[in-house]
Amino acid sequence: MITKDMEFAVQWVPEQKDMTYIGMVNKGACRMLLAKCYLATGQWQKAKEQMDILISQSGYALMQNTFGTFYPGGEPQTWSVNRNVIWDLHRCENKLIAANTEVIIL
C-alpha cells in the first residue's frame, strides 16, 4: 500500500521549485521514499530508475564546496573545527538555504 501511495504521490505532488515554501512535501522527497519502497521490496530496477530521475532530472546536486554560514571561533572549543561540506550540510542554519542543492527531505 505504501508503494502504491508513493507512486501516486510522485505523479501528483509538485516539484520543490514550483512551491512557495521550502521543506514541504515535494516530488523529490516522494521519489526518494518511493525508491526506498522499491529497495525494501526487492524491485531493484524500479529503485534505480527512480534514483536516476532524482539525480539527473530533478535539480538536485551533491555539494562539492563549503557553503552557508560559519562562525570562526564561535563553535564549541571542545575540539578544533575544520570547515568542510559535511559540516556545512549539518548546520541548522544551512539546511534550507538556496545554496544547499542536496536538500530533499528533512
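Fair warning: this is a prediction, and the values are worked out from it, not measured in the lab.
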Thr41/Lys46 under side-chain contact (heavy atoms from CB on, under 4.5 Å): CA gap, chis, key distance, verdict: CA-CA 10 Å; Thr41 57; Lys46 285 185 176 183; over 6 Å; no
Atom pair CD (Gln50) and CD (Gln45), whose distance is rounded to the nearest 0.5 Å: 11.0 Å
More than 12 heavy atoms of other groups within 6.0 Å of Asp18 CG: yes
Cluster check Val10, Val13: I/L/V/M/F/W/Y, side chain < 4.5 angstrom: no
Salt bridge (charged side-chain N to carboxylate O under 4.0 Å, His left out) pairs, two or more places apart, involving residues 48-60: Lys48-Asp52
Straight-line distance of Gln11 CD to Arg31 CZ, nearest 0.5 Å: 10.5 Å
Steps toward side-chain contact (heavy atoms from CB on, under 4.5 Å) verdict (Phe67, Leu89): CA-CA 8 Å; Phe67 70 98; Leu89 283 169; 3.9 Å; yes
Main-chain N/O of Pro14 paired to Lys27 side chain as donor or acceptor, under 3.5 Å: no
Closest heavy-atom pair and its distance - Met51, Ala35: SD-CB, 3.5 Å
CD1/Ile97: more than 12 non-hydrogen atoms of other groups inside 6.0 Å: yes
Pairing of Arg91 and Glu93 as salt bridge, 4.0 angstrom limit: yes
Hphob cluster co-occupancy, Ile2 + Tyr38, side-chain heavy atoms under 4.5 angstrom: yes
Atom CD of Gln57: over 12 foreign heavy atoms under 6.0 Å: yes
Check against side-chain contact (heavy atoms from CB on, under 4.5 Å), Asn94 and Asn100: CA-CA 7 Å; Asn94 293 342; Asn100 186 350; 5.5 Å; no
Between OG1 on residue Thr3 and CG on residue Leu34, distance to nearest 0.5 Å: 7.0 Å
Exercise: identify the closest heavy-atom pair between Val85 and Thr66: CG2-N, 3.8 Å
From Cys37 atom SG to Met32 atom CE, the distance as rounded to the nearest 0.5 Å: 11.0 Å
Check against side-chain contact (heavy atoms from CB on, under 4.5 Å), Thr101 and Met63: CA-CA 7 Å; Thr101 59; Met63 297 300 299; 3.2 Å; yes
